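Down below is the structure, laid out as structure tokens.
The basis for the numbers below is simple: all heavy atoms, side chains too, and nothing from hydrogens, waters or symmetry mates. Model, not experiment: these values are computed from the prediction.
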Amino acid sequence: MATILDPAIGAGGEDSPVDNYLTHTHGWKSWAFTLDHKRIGMMYLVGVTSAFLLGGIFALLLRAELFTPGPTIPLVSHDMYNQLFTLHGAVMTFLFIIPGIPAAQGNFILPIMLGAKDVAFPRMNLCSFYLWLGGAVFFLAALFLGGLDTGWTFYTPYSITTNTAVVSATMGAFILGFSSIFTGLNFIVTVHTLRPPGMTWFRMPLFLWAIYGTAIIQVLATPVLGITLMLLMAERIMGIGIFDPALGGDPVLYQHFFWFYSHPAVYIMILPAMGVISELMSTFSRKPIFGYRFIAMSSLAIALLGFLVWGHHMFTSGQSQMSAIVFSALTFSVAIPSAIKVFNWLATMYKGSISLATPMCYALSFLFLFTIGGLTGLYLGSLSTDIQLHDTYFVVAHFHYVMVGGTLMAFLGGVFYWWPKMTGKLYDEFWGQIAAWIVFVGFNLTFFPQFVMGSRGMPRRYYNYLPEFEFYHKMSTIGAFLLGVGLFIALWVLLKSLKSGAKAPANPWGSATLEWQCSSPPPHDNFSHTPTVGDPYDLESTVYDPKLGGYKKIASPAPAH
Amino acid sequence: MNDDASTFVAPPPHPGGSFWLPVQGSTKAPEVDSLFHFITGISLFFFVLIVGLIVWFLIQYRRRPGIEPQPSPHHNTVLELSWSILPSLLLVVMFYRGFTSYMDMRTPPDGAMEINVNAKKWSWLFTYSNGWGEPELHVPRDVPVTLVMTSEDVIHSLFIPAFRVKMDVVPGRYTKLWFNATEVGEFTLFCTEYCGTRHSDMLAKVVVHDSVAEYQQWLEKASDPYTDQDGQPRPLAEVGAMFYTKRGCIQCHSTDGSAKTGPTFKGTFGTTQKMTDGTDVVIDENYVRESILNPMAKVRGGFRPVMPTFQGQLKDQDIGAIIAYMKSLK
Amino acid sequence: MDTAPAADAHSAHDEHGHGEFHVHVMPIPVLLGVFVALLGLTALTVWSSTFPLGSWDVTLAMLIATVKALLICLFFMHMLHDKPLNVMAFLSSIIFMALFIGLALSDYGEYKPEVDAWDSSRSPQSTTAPAP
Amino acid sequence: MSAVTEPATHDHGDGHHAHHPFQAHHFETMEQQYDSGKLGIWLFLITEVMFFSGLFTAYAIFRSYHPEIFVAGHHFLDKTLGAANTVVLLFSSLTMAWAVRCAQLGQRKGLILCLVLTLACAGTFMVVKYFEYSHKIHLGLVPARYFSFVPGSEHHGHEGEHGDAKHSDGHADAAGHADAHATTHDPAATPDTLDSTTAAQESALLVHDQVEKAAIEGKDELPYRIGLFFSIYYCLTGLHGIHIIAGMIAISWILRRSIRGDFGPQYFGPVDYVGLYWHLVDLIWVFLFPLLYLIQ
């Protein structure tokens, strides 16, 4: 658990009471059985980051093995390599990127940003964290019970016939599904019933719209993952044969089941990231967000359209022509809301006063990388080019650009942005920006060569590859280690700030959303007085106060909205 | 020799490929490539537009003391509608072009030459019109070829980058794929659906013959292993060695005494070996024939029962050749 | 999920004291009436299954089951007097289920000939698929 | 909802505010707490519907494209037991709705009586299922891989023929346990054929009470994918059975609290939410019964 901090008694800040959510109660029991959404958010943050570290180690081992065409590092045989990429995929998706922003930052920020005292069902929130922990335990158990070599997609009939610990891993993913459902359910009810007076739907910050859209997907799609994994376990234990061709079943049916959840799941991953970026863009350009309603509505549009397009993962998997055409057409419809958001963020920067603080560095790299990720999705959406590019490194590069370039950048931007609020400490701005740019360069060096490799025909999940691709693999491996270095520096910057960071003012960035109206770190009950709900992007109403080292809210001259 | 290294000798990459895409080896390749470059053009335009704007805004509106953000509109419905409708027109064009060439790529012309493909854990088998099976795919130039594919265990996927074709090989049903090769020479065929340990070694060579005559000539010579180039009968053991490599025995049975997934062939013929159920069996003609056709009947002690059956892929004469080859490995 | 902004969730003020709130209580005759109707429909569907209706029997059985489901939802589950948000949420889950079943069904139908071709070719001597 | 915590620092705007003993600290009024609970349970019911949607999809696909296995398979299901179970569940739905009514009106004794009745019905439902399952497993009618039913062997006197030491213990997911230690039968025991039209005409109008004699006289051919019918049957009814048990646990928790006298006109949320869950489980059975039992 995070070390218990004793915040230095801040000189400034009109109400930085000694009593905040970290010092309200002490002892590990007060953390283990807490009902406070802020503590649950912090516990999730620690858990999710360690899962990311574990997944990252698998990634570096994997990339090291691919440095040369044949076997490269000792002890890594065919089977070991297959387990490395499977565990990298499974740990990263189920343990890090799906719970990442919604559970770690959403849990902490949503109630405060909404102006509520806590989420609607605090006990279900704690239960969701322990389900995440339970799921993680099952994954680690699978590690020692023979590993997992089916790919994070568990495609049948391979996942039925292999003798690795598939049942333990699927049980882990099954439990993590419930953790995700509980989080989503909690957020929908909180947003619907716990809004304070004055907080109408169109006065909510865009981060809440994004989290609300994500919660809809979590509630509607995750149960289908639950039934898919339960049927897979029944296949292995009872031999029900629905997905097993040897018993008359159909493996393509499994792919329909799996992708019906997994495509909405990629929107569970990207939507919260878009929410964070909307906040960062407005705050660090000192300008209200451009096209608020369009961004809010495109969040919901992505959430609902996300359910219509799962077939584009199966264009070459034996799916019928008619379905492929229908899915390809629908896939292009999903590209529009994302494009609207990117253009609106750009318009927000117009005539602003842009500061390159660390969160903004991550937000800008999000814009750059997510644009490439989105545009390469067009190749995979149109049918004939997808025939050539499916299951090659082009797809690997595409989804890493969208997931790492998108969600991880927004996750890091969000962590740095809310770090003063969460811990009451300011991090070292210089090293933060250095780390951000190393991560940006390292990322591009890792994944851009994979686009070229992929379109030239390099299939994915290959242990041995043809010598003609060696140059690109070498660049990609070097880039991967550079990315690793950048991420470790970022982690070091944050941890150092815990020890020796300056005391954070209530509103260091000058944002107008509610979470900056309470002290950093916030008191146990979020607001000693019910907050006055104004326009979340009325930035003229906050003025920099050098004595405070932060911004202070003044009566805004005219409702600018 | 490290057990993990690949045993496949890949032909060198065919000249004529561009930076992004391999050589255009089939009639459909130019169509796919032109859509690829069309989308690249659009993507480059939007990419340069967006990144250019970001850089310009960063320089122009960088936060400096004394510079306050000037008032600017917070929403402009006309602008919003324009940057939703215009891109969607481009998307419709992309979809339409992808859809039309996809329809051609998925409906084989009637009268195309049929070759049956059998994929199994980590090797390909192409069965030609005269029933002869080869681990290599030989096709004549400018003749539409349809591959009728099925798998014997898990899902594989046949991908020939040069021909821009890819289709999964699904157990429990047939899937089709067709192409019309235009470039003569040798290409590589990959498996692109994860299928287990040696997924990355499941490659095959694709040879495009210059004319139908040359292809027919190759087929005759290949489908009669018992006579060599100049018509003399080839020694049985040598034919057995060829089957040993072509039918994939090499992947699990070694000939240097070392045990791999399966027992070694070296020095086992005629000896008595213990089976998994403890009984002793003499390794004679009958045992080899039975183990090839029904491998689960008598499994050697200490080995996993994973050998697939070769029923219908090895004629009796071929099994005789393999037995002769095993005898020669004293 | 409805996108229209729901009415302001709750009144800003709350009455003095416990904040009384009234929920519709289902009268006993309605409960019993609905129960009898459900029994009747069950008998109907069992009775109708004895007739050889061919492919129509599924549609008829589903029709009766849907009527029974509606009865349970409206009365036993108070959907009649519930907030529209809950009702629309539940209906959206039915829509997404129909979407899943519909697209998966149509896809399997399209490539079924390839499965049948393989079935018929799976004659005894090809042992790729042991009969279960 | 969370137990009452009287927040020390938190004082409400309009002076002292008498909190209901079961009002959680972060809710303004009891109505807000009830509304959030109601939305919460409806969202949970949505996840249940989507959870079962997977099984209904599998059913729909195999029913519409391999109808012969359903026609052949449904003979082994006993319609009368199914109908009895439906009536039992409908009655339990009535008593549950009545229990919610009693809770709203504060009639403690009526509430306890209705809850006990609902629990009793749920129990009888599971007992009936136990008999159905154990009988089928005894005959070898289990999911595809271990399907070892030999036509004609179900008549009396052939008990020991395929004497597999199957004993079905408990009814939770009997198929699961039974198969775990099912003896490894040679799955190819059942001859397979694709043409099952003879079976269809044969069974058109046979309605018997005894399942052994019912529809299988003289029918010796079973379609190739017959095991899949039983896979879908066990998955659907087994999962539904698990949800019944979860419902029984929830109802007994509500029963304990109502005996303690927690519920009244101002605080009856939990009874309402468990009631809604129970009605959904009954709803699923309303669809399951005709789909599995009443097939032409």
Check each atom of [X] against the heavy atoms of chain A and say whether the ones under 4.5 Å are side chain, backbone, both or neither.
| X | answer |
| --- | --- |
| B:R64 | neither |
| B:K121 | side chain |
| B:C191 | both |
| B:I42 | neither |
| B:V170 | side chain |

Describe, in one word, how the ring planes of [X] and [Y] are oriented to each other, choosing from parallel (under 30°), tilted (30 to 60°) and perpendicular (over 60°).
| X | Y | value |
| --- | --- | --- |
| A:H473 | A:Y393 | perpendicular |
| B:F187 | B:H14 | parallel |
| B:F46 | A:F343 | tilted |
| A:F202 | A:Y292 | perpendicular |
| A:Y158 | B:Y194 | perpendicular |
| B:F163 | B:F179 | tilted |

Looking only at heavy atoms and a cut-off of under 4.5 Å, which of [options] has the most pairs with chain A?
| options | value |
| --- | --- |
| B:F19, B:W83, B:Y96, B:W56 | B:W83 |
| B:Q60, B:M105, B:R97, B:R106 | B:R106 |
| B:N76, B:T175, B:L49 | B:N76 |
| B:D104, B:I155, B:I85, B:L53 | B:I155 |
| B:F99, B:F190, B:F8, B:W20 | B:W20 |
| B:V165, B:T192, B:T100 | B:T192 |

Does any part of the side chain of [Y], heavy atoms only, come nearer than 4.5 Å to the side chain of [X], both counted from C-beta?
| X | Y | value |
| --- | --- | --- |
| B:S84 | A:I336 | yes |
| A:I340 | B:E80 | yes |
| A:F368 | B:F47 | yes |
| B:V148 | B:Y174 | yes |
| A:V395 | A:D386 | no |

Given that the side chain runs from C-beta out, which part of [X] has a heavy atom under 4.5 Å from chain B: side chain, backbone, both or neither?
| X | answer |
| --- | --- |
| A:T348 | neither |
| A:N344 | both |
| A:Q83 | neither |
| A:T392 | side chain |
| A:Y155 | side chain |
| A:S317 | both |
| A:L539 | neither |
| A:F451 | both |
| A:Q321 | both |
| A:L466 | side chain |
| A:K351 | both |
| A:A329 | both |

Let's test your reading of the structure: which of [options] forms the most heavy-atom pairs below 4.5 Å with chain B?
| options | value |
| --- | --- |
| A:V76, A:D244, A:D149 | A:D149 |
| A:A347, A:S77, A:G70 | A:S77 |
| A:G374, A:G248, A:G318 | A:G318 |
| A:S382, A:G457, A:S353 | A:S353 |
| A:D250, A:T371, A:I325, A:T150 | A:I325 |
| A:F284, A:F294, A:Y379 | A:Y379 |

How far apart are the C-alpha atoms of A:S455 and A:L389, what are their side-chain angles, what is the distance that settles it, and do they pass the side chain to side chain contact (heavy atoms under 4.5 Å, CB included) test? CA-CA 6 Å; A:S455 58; A:L389 302 173; 3.9 Å; yes
B:D33/B:R164 salt bridge by N-O under 4.0 Å criterion: yes
Between A:D391 and A:R460, is there a side-chain N and carboxylate O pair less than 4.0 Å apart? yes
Looking only at non-hydrogen atoms, find the nearest pair between A:T376 and A:F394 and report the distance. O-CE2, 3.9 Å
When the ring centroid of A:F290 is compared with that of B:H74, is the distance short of 6.0 Å?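 No; B:H74 has its ring centre 6.0 Å or more from that of A:F290.
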Yes or no on side chain to side chain contact (heavy atoms under 4.5 Å, CB included) for B:K166 and B:L177, after CA distance, side-chain angles and deciding distance? CA-CA 7 Å; B:K166 180 186 287 133; B:L177 170 148; 5.6 Å; no
